[in-house]
Amino acid sequence: MSNSVLIINGPNLNMLGNREPEFYGNETLADVEEKCRICAKELGLKIEFRQSNGEGEIVEWIQQSSENFAAILINAGAYTHTSIAIHDALKGSGLPVVEVHLSNIFQREDFRHISYISCLAEGVICGFGSQGYVFALQATAQLL
Ligand code: DQA
C-alpha cells in the first residue's frame, strides 16, 4: 500500500486519440496507461489507473482512496476548473496529490487558468502531453 498510487482521469479523457489532437496528441488513454505501467514498474510503484466522466464517482474513489493508496495522481479534466467537491474530497483524503494535465492550461482560455486542485497539490505538471504522467509518477515516487 505504501507504494500504491491511484491515477484518476476525469471527463472526456476516455476520448483521447480522437479529441482535439492539437492539444492532447494522438495517443489513446490506453496508451497513456501503458506508459504509466512501464514507468511505475521501473519506479517500484503499483498503480491503479481509472477514468470517469462522473464527478460523483471521482469523489467516491477519492473518499475510499486512503484505505488502499499512498498517493493520488489526478488529471481531473474540466472538473479541475469547476469542482469544489473534488477539491474537498482530495483535502479530506489526507493523501499527497500530484496534478497533471496533458496540455499547458496556461496557454489556453482564461477559464482553464483556475484550478481547484493546485492549491492542495504537492505539485502540478502540465504541457508535456502523456510524458507529463511519467514526470508526475517520478515526482510521486520521490514524495513516497
Ligand atoms: C486537461 C485540460 C482541461 O482544461 C480539459 O478540460 C481537459 C484536459 C489536460 O489534460 O490538458 O479535459 O485536463
Side-chain angles (χ1 to χ4, degrees), residues 3-43 45-66 68-144:
N3 63 348
S4 292
V5 181
L6 176 59
I7 303 180
I8 298 176
N9 294 279
N12 296 307
L13 290 166
N14 55 318
M15 301 306 285
L16 285 184
N18 296 318
R19 180 188 177 205
E20 300 179 276
E22 65 280 16
F23 289 119
Y24 303 121
N26 296 308
E27 287 169 292
T28 64
L29 193 61
D31 296 330
V32 178
E33 178 172 358
E34 181 57 19
K35 215 171 198 170
C36 287
R37 292 210 175 278
I38 292 167
C39 170
K41 200 170 176 192
E42 286 168 8
L43 293 167
L45 296 175
K46 283 186 192 154
I47 59 165
E48 172 112 5
F49 193 95
R50 299 184 191 166
Q51 188 276 331
S52 176
N53 293 320
E55 186 177 19
E57 188 171 31
I58 293 172
V59 166
E60 279 165 19
W61 288 344
I62 296 167
Q63 285 175 356
Q64 292 152 12
S65 62
S66 60
N68 298 308
F69 301 97
I72 297 175
L73 195 163
I74 184 163
N75 180 356
Y79 291 144
T80 304
H81 318 298
T82 62
S83 181
I84 298 169
I86 290 176
H87 168 101
D88 286 348
L90 287 169
K91 201 170 190 179
S93 77
L95 295 180
V97 174
V98 177
E99 178 181 357
V100 65
H101 300 282
L102 296 155
S103 63
N104 181 347
I105 53 176
F106 300 103
Q107 281 180 345
R108 301 182 63 193
E109 302 95 324
D110 287 352
F111 62 80
R112 293 186 207 276
H113 300 179
I114 291 168
S115 165
Y116 286 97
I117 295 172
S118 302
C119 59
L120 47 79
E122 301 292 325
V124 183
I125 293 163
C126 74
F128 295 103
S130 64
Q131 187 64 25
Y133 282 68
V134 170
F135 296 148
L137 274 172
Q138 290 169 339
T140 307
Q142 293 281 324
L143 289 171
L144 296 178

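One-based numbering, in listed order, for ligands and for the atoms of each. Just so it is clear, the model here is predicted, and its values are computed rather than measured.
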Original post:
For N12, does its backbone N or O pair with a side-chain atom of N53 as donor and acceptor, under 3.5 Å?
Top reply: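 Judged by distance alone, yes, a pair lies under 3.5 Å.
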
**OP:** Name all pairs fulfilling the salt bridge (Lys or Arg N to Asp or Glu O under 4.0 Å) condition that reach into residues 3-26, sequence neighbours left out, sorted by first residue then second.
**Re:**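 Sorted pair list comes back empty.
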
Original post:
So, are E57 and R50 salt-bridged, with charged N and O less than 4.0 Å apart?
Top reply: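 No, this pair does not count.
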
Atom pairs and distances, ligand 1 N/O vs protein N/O under 3.5 Å:
{"unit_1": "ligand 1", "atom_1": "4 (O)", "unit_2": "H81", "atom_2": "NE2", "d": "2.6"}
{"unit_1": "ligand 1", "atom_1": "4 (O)", "unit_2": "R112", "atom_2": "NH1", "d": "2.8"}
{"unit_1": "ligand 1", "atom_1": "6 (O)", "unit_2": "A78", "atom_2": "N", "d": "3.2"}
{"unit_1": "ligand 1", "atom_1": "6 (O)", "unit_2": "R112", "atom_2": "NH1", "d": "3.1"}
{"unit_1": "ligand 1", "atom_1": "10 (O)", "unit_2": "N75", "atom_2": "ND2", "d": "2.9"}
{"unit_1": "ligand 1", "atom_1": "10 (O)", "unit_2": "L102", "atom_2": "N", "d": "2.8"}
{"unit_1": "ligand 1", "atom_1": "11 (O)", "unit_2": "L102", "atom_2": "N", "d": "3.3"}
{"unit_1": "ligand 1", "atom_1": "11 (O)", "unit_2": "S103", "atom_2": "N", "d": "2.8"}
{"unit_1": "ligand 1", "atom_1": "11 (O)", "unit_2": "S103", "atom_2": "OG", "d": "2.6"}
{"unit_1": "ligand 1", "atom_1": "12 (O)", "unit_2": "R19", "atom_2": "NH1", "d": "3.1"}
{"unit_1": "ligand 1", "atom_1": "12 (O)", "unit_2": "R19", "atom_2": "NH2", "d": "3.0"}
{"unit_1": "ligand 1", "atom_1": "13 (O)", "unit_2": "N75", "atom_2": "OD1", "d": "2.7"}
{"unit_1": "ligand 1", "atom_1": "13 (O)", "unit_2": "H101", "atom_2": "ND1", "d": "2.8"}

Using distance only, find each side-chain donor-acceptor pair of residues 84-99 under 3.5 Å and give its atom names and separation, not counting sequence neighbours.
{"unit_1": "H87", "atom_1": "ND1", "unit_2": "Y116", "atom_2": "O", "d": "2.7"}
{"unit_1": "S93", "atom_1": "OG", "unit_2": "L90", "atom_2": "O", "d": "2.8"}
{"unit_1": "S93", "atom_1": "OG", "unit_2": "L95", "atom_2": "N", "d": "3.1"}
{"unit_1": "E99", "atom_1": "OE1", "unit_2": "S115", "atom_2": "OG", "d": "3.4"}
{"unit_1": "E99", "atom_1": "OE1", "unit_2": "S118", "atom_2": "N", "d": "3.0"}
{"unit_1": "E99", "atom_1": "OE1", "unit_2": "S118", "atom_2": "OG", "d": "2.8"}
{"unit_1": "E99", "atom_1": "OE2", "unit_2": "H101", "atom_2": "NE2", "d": "2.7"}
{"unit_1": "E99", "atom_1": "OE2", "unit_2": "S115", "atom_2": "OG", "d": "2.9"}

Original post:
For E34, which residues count as a salt bridge (Lys or Arg N to Asp or Glu O under 4.0 Å) partner, sequence neighbours excluded?
Top reply: none

**OP:** Answer yes or no: is there a side-chain heavy-atom contact under 4.5 Å between I47 and L137?
**Re:** yes

